[in-house]
Participant: 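Okay, here's the structure, questions in a sec.
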Amino acid sequence: LKEIVTNRGHIIKTTSNHRLRSIDENGDYVWKFVGDFKVGDFVIEKNNTNHIFDNIDYQPLVQFEYDHHNIKYINLPKVIDENFSELLGYYMGDGYTKDRDIYLIFHQEDKESLQFWREYFINEFGRDGTVETRDFSNIDILGFHSKQLIKLLEKNNLVKAKGNNGEGSASAFVPKQILQSPPSVMKSFIRGFFDAEGSVCMNKECFTISCASVSEDIVRTLSIMLESFGIRTTIGKNKPGTLGKRDVFTLTLSSIEDA
């Protein structure tokens with residue numbers, strides 16, 4: 001396989017005899033074999049293609065029977081709709097599971113987001129979560145106790161890896177069910193992830209929206225999703241030691257218009 005890396009950090013892997021659209025020295029569009037590309041050549045990337053998913057249905061969730069004499073039952077979703085997708089996006093960005101609980105992490109200054117997700121659990125599942133404040137690290141942790149919900153995530157392959165050394169963050173991914181969902185569900189997942197891991201630079205020198213993750217997989221998949229909505233993105237990489245022990249991948253909306 002040949003690998004082409006664009007100046008915006010996008011990677012294309014394909015065979016040498018596959019053709020990609022390019023621009024020649026006369027400024028004309030041409031089809032060019034991958035094996036003939038050299039540094040400095042143009043690659044035409046098509047975006048704004050998400051309309052092909054407009055008429056598809058919500059993806060169903062695998063259901064199960066759960067019976068325990070001491071369980072407090074909640075109403076589990078039957079499909080991945082916009083609300084559940086947003087929860088998955090936040091969880092993939094800054095959440096984890098442990099035993100019978102799902103946890104979402106917030107900076108202590110982000111009380112609005114914390115309150116939003118507390119109300120989410122109340123509205124969707126009928127009860128509030130519990131909040132643990134950790135002043136030494138300036139975070140609040142919202143925990144929601146439900147073995148039913150954890151089992152639903154596990155049954156549908158919607159959980160990250162477990163571990164005490166960042167394995168969960170490094171294994172973050174966009175579930176295949178999200179990629180097979182209507183555009184509104186994809187947007188909700190992106191919104192949830194950016195709520196967890198997004199940042200805004202807004203001053204005289206810059207106006208950018210970006211997010212970061214130690215999972216290259218989720219950053220590259222989110223880039224493809226955003227490009228499918230016509231939003232151009234740039235992918236960057238910080239070496240270990242700059243922001244921790246792992247490579248950190250950044251995803252930046254490429255212009256003010258995209259932001």
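All heavy atoms count here, side chains included; hydrogens, waters and symmetry mates do not.
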Participant: How long is the span from the CD atom in E154 to the CG atom in L149, to the nearest 0.5 Å?
Facilitator: 10.0 Å
Participant: So does F42 have more than 12 non-hydrogen atoms from other groups sitting under 6.0 Å from CZ?
Facilitator: no
Participant: Would you find a donor on one side and an acceptor on the other, under 3.5 Å apart, between the side chain of E86 and the backbone of F193?
Facilitator: no
Participant: Ring centres of F116 and F106 under 6.0 Å apart?
Facilitator: no
Participant: Does the plane of the ring in F144 sit parallel, tilted or perpendicular to the ring in F125? Use 30° and 60° as the thresholds.
Facilitator: tilted
Participant: For the atom pair CG (D140) and CG (L104), what is the distance rounded to the nearest 0.5 Å?
Facilitator: 12.0 Å
Participant: How far apart are the C-alpha atoms of F84 and E124, what are their side-chain angles, what is the distance that settles it, and do they pass the side chain to side chain contact (heavy atoms under 4.5 Å, CB included) test?
Facilitator: CA-CA 9 Å; F84 194 61; E124 294 294 319; over 6 Å; no
Participant: What I want to find out is whether D24 reaches K32 closely enough, with some N-O distance under 4.0 Å, to be called a salt bridge.
Facilitator: no
Participant: Decide yes or no for R134 and I141: does some side-chain heavy atom of the first lie under 4.5 Å from some side-chain heavy atom of the second?
Facilitator: yes
Participant: For a quick test of reading the model, state the closest non-hydrogen atom pair linking C211 to F194 and the distance between them.
Facilitator: SG-CZ, 3.6 Å
Participant: Hey, does the side chain of R8 reach the backbone of T233 with a donor-acceptor pair shorter than 3.5 angstrom?
Facilitator: yes
Participant: Consider only side-chain N and O atoms of T250 and S210, and report whether a donor and an acceptor are under 3.5 Å apart.
Facilitator: no
Participant: Does A161 offer a backbone N or O that forms a donor-acceptor pair with the side chain of S171 under 3.5 Å?
Facilitator: yes
Participant: Under a 4.5 Å side-chain heavy-atom rule over Ile, Leu, Val, Met, Phe, Trp and Tyr, are V79 and L87 clustered together?
Facilitator: yes
Participant: Can you tell me if E3 has over 12 outside heavy atoms packed within less than 6.0 Å of its CD?
Facilitator: yes
Participant: Please determine, by modelled atom types, if N138 and E109 share a side-chain donor-acceptor pair under 3.5 angstrom.
Facilitator: no
Participant: Do you know which two heavy atoms are closest between I150 and D99, and how far apart they sit?
Facilitator: CG2-O, 3.7 Å
Participant: Is it true that a side-chain atom of S85 and a backbone atom of I80 form a donor plus acceptor pair closer than 3.5 Å?
Facilitator: no
Participant: Nearest 0.5 Å, what's the CG-OG1 distance between L1 and T14?
Facilitator: 7.0 Å
Participant: Show your working on side chain to side chain contact (heavy atoms under 4.5 Å, CB included) between I178 and V185 and close with a plain yes or no.
Facilitator: CA-CA 7 Å; I178 300 295; V185 173; 4.1 Å; yes
Participant: In Å, rounded to the nearest 0.5 Å, how long is the span from OG of S213 to CZ of F173?
Facilitator: 12.0 Å
Participant: Which value, rounded to the nearest 0.5 Å, describes the distance between I74 atom CD1 and L152 atom CG?
Facilitator: 8.5 Å
Participant: Is any side-chain heavy atom of P182 closer than 4.5 Å to one of Y58?
Facilitator: yes
Participant: Any non-hydrogen side-chain atom of L20 less than 4.5 Å from a side-chain atom of I4?
Facilitator: yes
Participant: Does NZ or CZ of K98 lie under 6.0 Å from the centre of the six-membered ring of Y103, at an angle within 45° of the ring axis?
Facilitator: no
Participant: Taking all heavy atoms of Y90 and all of S113, pick out the closest pair and write down the distance.
Facilitator: CE1-OG, 4.1 Å
Participant: Grab the two heavy atoms, one from V248 and one from A212, that are nearest each other, plus how far apart they are.
Facilitator: CG1-CB, 3.9 Å
Participant: Closest heavy-atom contact between Q59 and Q177?
Facilitator: CG-O, 3.2 Å
Participant: What distance separates E112 CD from L114 CG, expressed to the nearest 0.5 Å?
Facilitator: 11.0 Å
Participant: More than 12 heavy atoms of other residues, nucleotides or ligands under 6.0 Å from CG of N17: yes or no?
Facilitator: yes
Participant: For K162, does the NZ atom have more than 12 heavy-atom neighbours from other residues, nucleotides or ligands under 6.0 Å away?
Facilitator: yes
Participant: Any side-chain heavy-atom pair from N83 and N123 closer than 4.5 angstrom?
Facilitator: no
Participant: With the threshold set at 4.0 Å, does a side-chain nitrogen-carboxylate oxygen contact exist between K38 and D41?
Facilitator: yes
Participant: Yes or no on side chain to side chain contact (heavy atoms under 4.5 Å, CB included) for Y91 and L158, after CA distance, side-chain angles and deciding distance?
Facilitator: CA-CA 10 Å; Y91 159 71; L158 300 173; 5.9 Å; no
Participant: Among the clusters formed by ILVMFWY side chains lying less than 4.5 Å apart, do I218 and L226 turn up in the same one?
Facilitator: yes
Participant: Kindly write out the residues that satisfy ring-ring contact (aromatic ring centres under 6.0 Å, His included) with F249, not counting sequence neighbours, or none if the list is empty.
Facilitator: none
Participant: Give a yes-or-no answer on whether the side chains of D217 and S215 include a donor-acceptor pair shorter than 3.5 Å.
Facilitator: no
Participant: Is there a continuous path of hydrophobic side-chain contacts, each under 4.5 Å between heavy atoms, that joins I209 to M225?
Facilitator: yes
Participant: Under 4.5 Å between side-chain heavy atoms, hopping through other hydrophobics if needed: is there a path connecting L222 to I235?
Facilitator: yes
Participant: Could you tell me which non-hydrogen atom of A170 sits nearest to which non-hydrogen atom of R246, and how far apart they are?
Facilitator: CB-NH1, 3.7 Å
Participant: Within the supplied structure, the quantity of interest is the number of heavy atoms (other residues, nucleotides, ligands) at a distance under 6.0 Å from K2 NZ; does it exceed 12?
Facilitator: no
Participant: Quick one: does L76's side chain get under 4.5 Å of L61's, heavy atoms only?
Facilitator: no
Participant: Quiz question: by atom type and distance under 3.5 Å, do the side chains of R220 and S223 form a donor-acceptor pair?
Facilitator: no
Participant: R127 side chain to H145 main-chain N or O, any donor-acceptor pair under 3.5 Å?
Facilitator: yes
Participant: Group every Ile, Leu, Val, Met, Phe, Trp and Tyr by side-chain heavy-atom contacts under 4.5 Å, then state whether L253 and V200 land in the same group.
Facilitator: yes
